[in-house]
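Below is one structure, written out as structure tokens; comments come after it.
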Amino acid sequence: MTNARIAEVLDQIADLLEFEGANPFRVRAYRNAGRVVHDLPEAISDILASPDRKLTDIDGIGADLAEKITTLVGTGKLPFLEELLARTPESVLALLRIAGLGPKKAAVLYKELGVKTLADLKAACESHRVQELKGFGAKTEQIILAGMELAQTAADRMLWADADAEAQALLAHFKPLKAVKQIAMAGSYRRGRETVGDLDILVDSDDMPAVMDHFAKLPAVKTLVARGDTKMSVRLDSGLGVDLRVVPAKSFGAALQYFTGSKDHNVVLRGMAKDRGLKINEYGIFRGEKYLAGKTEEEIYAALDLPCFAPEIREARQEFAWAAAGELPKLVELADIRGDLHMHTTESDGNNTLEEMAAAAKTRGLKYIAITDHSQRATIANGLTPERLKKLWKRIDKFNATDPGILVLKGVECDILEKGGLDLPDDVLAEADWVICSVHYGQNQTRAQITARILEAIEHPHVAAIAHPTGRLINRRKPYEVDLEAVFTAAAKHHKLLELNATPQRLDLSDIQCAAAKRHGVKIVIGTDSHRVESLAQMRVGIIQARRAGLTKEDVANTRTWGQLQKLIGKK
DNA sequence: GCCGTTTTCGGCCCGACTGTTTTCAGTCG
């Protein structure tokens, strides 16, 4: 059983307990354990199989949860969960997903009106039976109906790149306003999560009404959800929710820290403050009533003798342990990247020529790029035969001879065939500077079959990196099944790289998987899989992912010069 | 349900906003 599945069960128990009105701290314990298991760098089943390891050594897992997890993994079932489900039908959990409806109100609806499903709920609201209930009113009924409609129309969380476009537009809207002294985006957008639920804007201003009025004038605002003295919430046409908070200068850093989160990171931080007799809230850090600091995030962290963590790692995973040990990694930055090693041109399915791609890369300050058009098997992408490929490589040689100020590498994205083996003969691959290979066909084979194909490619002497090692698309269909631990082990042994391709919809490796690669000693190469010049900007998305995984410049291969990179892949 | 170098019991982050209320509970982040 995978960690993800175990985490799912723990989360479901938390939902059910919450619905039953259980002790909120007990609910939190289950939720916290679910998160810890999900983020754990190694498989729970491996720990259970090891005689000298204990689940209770994991932070957040005590005797009770260790026993439940052992039962779950051992038998595939959990009696406790079955008991809960016997009391509360699973369908009522859908009620908790409606904005404005929490566990208390949902439980009343279930008990008093027998509401078990979303359809029941809609009927109850429309027949006005809901407003009869104690603690409910006509307005509540409206809010529930609106929340149901929103749940239907609003898509899942927005992809980071799409949220980024909205965020930049919002910042531009506020730019001309004189009342704004400082402005920043916070929340999961700032932490660089793959998907963003809503946007949080923070403004430093003495004129709160002016800022709020200006916000309301934004054309993209569809509905005003709430407006108070310091906080305003709206929903945009795109379905994205935006929260605006206005704070004075002395609280700006405290508020930025607070609203950047994550929630779990803040819980740890506040606990540490409490141990020292301090209190942190969004207005600052206090001893009793006395304000100590809050103008900048650095001040807040410094008051607890902590470094100002990069937003990307504020997830209550490793960051506090790193800080305590003085081993906070210096995270990789966009400026560290010297080359983009995954790129397509008009020769296969790209939209720009190699000359255009090279010019765009040079403008971005890159020192080298690899043109990695598809190989012949990828017929749908106009993949190249050995003959066409050799012709393209000759063109690249000629281009480099013109001294263009950037080195273009002769590369290829070679398909890993369904039956195993590579799509191009060895003598052709031997002529390439840079060979990446990937699975495009036979993605619904078994986990063992796909893993075997990838492992064979890793062992191939001319292969430098595996692209799309998991087939992972964000918010879309499932990735293909692959034994990633086996892939990491083989890649480390043969000094091969794994590619983290970054597009708005694709991040081949999650941050957790990147961190696991690092533990295995596997280097990551970040690529953009660019099919047009504009796509080169996607490198920023890949960098954020690498940072969330705690990767440094040394963990990322294309921060090196081409000469250093050749040594790394054994070409020199 | 977890946790502990003042604790094995009694804590567990903290505040804003709304609706239904007459002082607060529920929800959200």
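Chain A is the first sequence line, chain B the second, and so forth, proteins listed ahead of strands; every chain is numbered from 1. None of these values were measured; they are calculated from a predicted model.
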Distance between C1' atoms of dC13(B) and dC28(B) (Å, rounded): 14 Å
Under a plain distance cut-off of 3.5 Å, with no hydrogens placed, do T470(A) and Q513(A) share a side-chain donor-acceptor pair? no
Suppose we screen for side-chain contact (heavy atoms from CB on, under 4.5 Å). Which residues come up paired with P307(A), at least two apart in sequence or across chains? F309(A), A323(A), L328(A)
Under 4.0 Å between any heavy atoms, over every strand shown, what does L269(A) touch: base, sugar-phosphate, or nothing? Just pick one. nothing
Counting C-beta onward and ignoring hydrogens, is there a side-chain heavy-atom pair between E312(A) and I544(A) closer than 4.5 Å? yes
Contact class for F259(A) vs. all strands (heavy atom < 4.0 Å): base, sugar-phosphate, or nothing? nothing
Counting any heavy atom closer than 4.0 Å, what does K231(A) reach on the DNA or RNA strands: base, sugar-phosphate only, or nothing? sugar-phosphate
Suppose you measure atom C1' in dT23(B) against the same atom in dG19(B); what distance do you get, rounded to whole Å? 14 Å
Would E18(A) and Y30(A) count as having a side-chain donor-acceptor pair, cut-off 3.5 Å? no
What integer number of Å spans the C1' atoms of dT20(B) and dC24(B)? 9 Å
Expressed as a whole number of Å, how far does the C1' atom of dC9(B) sit from that of dC14(B)? 24 Å
Mapping G271(A) and N23(A) to their closest nucleotides on DNA chain B, which lands nearer the 5' end? N23(A)
I'd like the 5' and 3' limits of the part of DNA chain B contacted by chain A, with heavy-atom contacts below 4.0 Å. dG1(B) to dG29(B)
Rounded to whole angstrom, note down the P distance from dT21(B) over to dG26(B). 12 Å
Taking the nucleotide of DNA chain B with the closest heavy atom to each, which residue, Y283(A) or I143(A), is nearer the 5' end? Y283(A)
Scanning all shown strands, the Watson-Crick or wobble mate of dT8(B) with both distances under 3.5 Å is none
Considering every strand and a 4.0 Å limit on heavy-atom distances, what is the contact class for P103(A): base, sugar-phosphate, or nothing? sugar-phosphate
Any chance you could lay out the ring-ring contact (aromatic ring centres under 6.0 Å, His included) test for H265(A) and F320(A), step after step, and finish with the verdict? CA-CA 9 Å; H265(A) 176 90; F320(A) 292 106; 4.8 Å; yes
Report which part of the nucleic acid N281(A) touches: base, sugar-phosphate, or nothing (heavy-atom distance under 4.0 Å, all strands). sugar-phosphate
Can you tell me how far C1' in dA16(B) sits from the matching atom in dG11(B), rounded to whole Å? 25 Å
Would you indicate what R227(A) reaches in the nucleic acid, counting non-hydrogen atoms under 4.0 angstrom: base, sugar-phosphate, or nothing? sugar-phosphate
Side-chain contact test, heavy atoms from C-beta onward, threshold under 4.5 Å: evaluate it for S238(A) versus M158(A) and give yes or no. yes
Using a cut-off of 6.0 Å, state whether more than 12 heavy atoms not belonging to E20(A) lie near its atom CD. yes
Should K231(A) and E282(A) count as an ion pair when the cut-off is N to O under 4.0 Å? no
Is A99(A) touching bases, backbone alone, or none of the nucleic acid, heavy atoms closer than 4.0 Å? sugar-phosphate
Classify A186(A) by what it touches in the nucleic acid, base, sugar-phosphate, or nothing, heavy-atom distance under 4.0 Å. nothing
Using a heavy-atom cut-off of under 4.0 Å over every strand shown, decide if K134(A) touches base, sugar-phosphate, or nothing. nothing
Any base atoms under 4.0 Å from T230(A), or only sugar-phosphate, or nothing? Heavy atoms, all strands. sugar-phosphate
Rounding to an integer number of angstrom, what distance separates dT22(B) and dC12(B) when you compare their P atoms? 29 Å
